[in-house]
Amino acid sequence: MAQFFEVHPLNPQARLLKQAASLLAQGQVLAIPTDSSYALVCHLDDKAAANRLRRIRGMDEKHLLTLLCQDLSELASYARVDNRQFRLLKQATPGPYTFVLEASKEVPRRVSHPQRKTIGLRVPAHAVVRELLALHGAPLLASTLILPGEEDPLSDAHEIRERLEHELGAVIDAGAVPTQPTTVLDLTAMDGGGDAQVLRAGLGDLKRLGLRA
């Protein structure tokens, strides 16, 4: 049965998040609040945990997963980023944006796109996620918590626990979260002089970045 951690959304209790980080290290999949709905997360280097995450979501290996990073410096270790891309990333982070970039050698091949060798990355603004990432000491592999056959992400911690209590190691409850997923931007074309492509217009404001859907 999934553990249930109730934490403050702005000043999360370190004691509880340390327990959550310990579960990640043990190979568990967690449901956590973010600045754009709930997400499923697990240790990046744990193949079994990643497979479990995909099974819960009902998706195959072609579905792009995301790395949650603490900051731009960490993000740049897991993706190839040129100056133009970095300037846009700096404008948009932290925040509810996911960026598709060419994966670096630090990303296990099994979690990057099998043909394009790309990976989704984001730097969330939610205090709980940022503290959990700091305690974990590495990016987390993540996916928006949308269950198979459904269109909207789950946003209530108690419902998540009820529906997935035998699939998850823990659910972190920090109160209400948005129900809208991130804005997804493909930045790979910028490396060759092209423009950022909007793959999904979500919670992240495109006007803030000078972009349109």
Atom pair CG/OG1 of Leu40 and Thr66 - distance to nearest 0.5 Å: 11.5 Å
ring-ring contact (aromatic ring centres under 6.0 Å, His included) contacts in which one or both residues fall within residues 163-203, not counting sequence neighbours: none
side-chain contact (heavy atoms from CB on, under 4.5 Å) partners of Phe4, counting only residues at least two apart: Glu6, Ala157, His158, Arg161, Val171, Asp173
Pairs involving residues 173-213, ordered by first then second residue, that meet ring-ring contact (aromatic ring centres under 6.0 Å, His included) (sequence neighbours left out): none
Heavy-atom pair of closest approach, residues Ala196 and Leu187: CB-CD2, 3.6 Å
Approximate separation, where rounding is to 0.5 Å, of Leu23 CG and Leu168 CG: 11.0 Å
Sub-4.5 Å side-chain heavy-atom contact between Gln180 and Ser36: no
Distance-minimising heavy-atom pair for Asp186 and Val100: OD1-O, 3.7 Å
Rounded distance (nearest 0.5 Å) linking atom CG of Leu17 with atom CG of Leu135: 6.0 Å
Inter-residue atom distance Lys18.NZ - Glu131.CD, 0.5 Å rounding: 9.0 Å
Shortest non-hydrogen contact from Met190 toward Arg84: O-NH1, 3.2 Å
Listed partners of Asp46 passing side-chain contact (heavy atoms from CB on, under 4.5 Å), at least two apart: His43, Ala48, Ala49
Closest non-hydrogen atom pair between Leu65 and Met59, with its separation: CD2-CE, 3.0 Å
Leu75 side, atom CG; Leu89 side, atom CG - distance, nearest 0.5 Å: 6.0 Å
Leu53 reachable from Ile160 in the ILVMFWY side-chain graph, under 4.5 Å edges: yes
List the atom pairs, with distances to 0.1 Å, where a side-chain N or O of residues 9-16 and a protein N or O form a donor-acceptor pair under 3.5 Å, not counting sequence neighbours.
from, atom 1, to, atom 2, distance (Å)
Gln13, OE1, His8, N, 3.0

Atom pair OG1 (Thr34) and CZ (Arg130), whose distance is rounded to the nearest 0.5 Å: 12.5 Å
Sequence neighbours excluded, every pair satisfying salt bridge (charged side-chain N to carboxylate O under 4.0 Å, His left out) that has a member inside residues 63-75: none
Where Cys42 and Leu24 come nearest, the two heavy atoms and their spacing: CA-CD2, 3.9 Å
Path from Leu44 to Leu30 over hydrophobic side-chain contacts below 4.5 Å: no
Residues that Ala125 engages under side-chain contact (heavy atoms from CB on, under 4.5 Å), provided they are two or more places apart: Asp35, Pro94
Same apolar cluster (I L V M F W Y, side chains within < 4.5 Å links), Phe99/Val107: yes
Non-hydrogen side-chain atoms of Thr118 and Leu101 separated by less than 4.5 Å: no
Residues in salt bridge (Lys or Arg N to Asp or Glu O under 4.0 Å) contact with Glu102, at least two apart in sequence or another chain: Arg80
Test side-chain hydrogen bond (donor to acceptor under 3.5 Å, both in side chains) applied to Gln26 - qualifying residues, sequence neighbours left out: Ser22
Partners meeting side-chain contact (heavy atoms from CB on, under 4.5 Å) with Arg200 (sequence neighbours left out): Pro181, Thr182, Val184
Cluster overlap Val29 with Leu67, hydrophobic side-chain contacts below 4.5 Å: yes
Beyond-backbone contact of Asn51 with Lys47, side-chain heavy atoms, under 4.5 angstrom: yes
Within one Ile-Leu-Val-Met-Phe-Trp-Tyr cluster: Phe5 and Val177, side-chain cutoff 4.5 Å: no
Test item: Arg122 side-chain N/O and Cys69 main-chain N/O as donor-acceptor pair under 3.5 Å: no
Glu159, CD: over 12 other non-hydrogen atoms inside 6.0 angstrom: yes
Residue pair Thr183, Thr98: steps toward the side chain to side chain contact (heavy atoms under 4.5 Å, CB included) verdict: CA-CA 6 Å; Thr183 290; Thr98 298; over 6 Å; no
Polar side-chain atom of Thr93 near backbone of Gly95 as donor-acceptor pair, under 3.5 Å: no
Test side chain to side chain contact (heavy atoms under 4.5 Å, CB included) applied to Val41 and Leu68, step by step: CA-CA 9 Å; Val41 298; Leu68 301 183; 3.9 Å; yes
Ala20 versus Ile172, closest heavy-atom pair with distance: CB-CD1, 4.0 Å
Tyr78/Leu121 under side chain to side chain contact (heavy atoms under 4.5 Å, CB included): CA gap, chis, key distance, verdict: CA-CA 9 Å; Tyr78 291 85; Leu121 303 105; 4.0 Å; yes
Check residues 137-155 and write down every donor-acceptor pair under 3.5 Å in which the side-chain atom is one partner and the other belongs to a residue at least two apart or another chain.
from, atom 1, to, atom 2, distance (Å)
Ser143, OG, Arg57, NH1, 2.5
Glu150, OE2, Arg163, NH1, 3.3
Glu150, OE2, Arg163, NH2, 2.4

Contacts under 3.5 angstrom, residues 202-213 side chains, donor-acceptor by atom type, not counting sequence neighbours:
from, atom 1, to, atom 2, distance (Å)
Asp205, OD1, Lys207, N, 3.0
Arg208, NE, Gln91, O, 3.2
Arg208, NH2, Gln91, O, 2.8

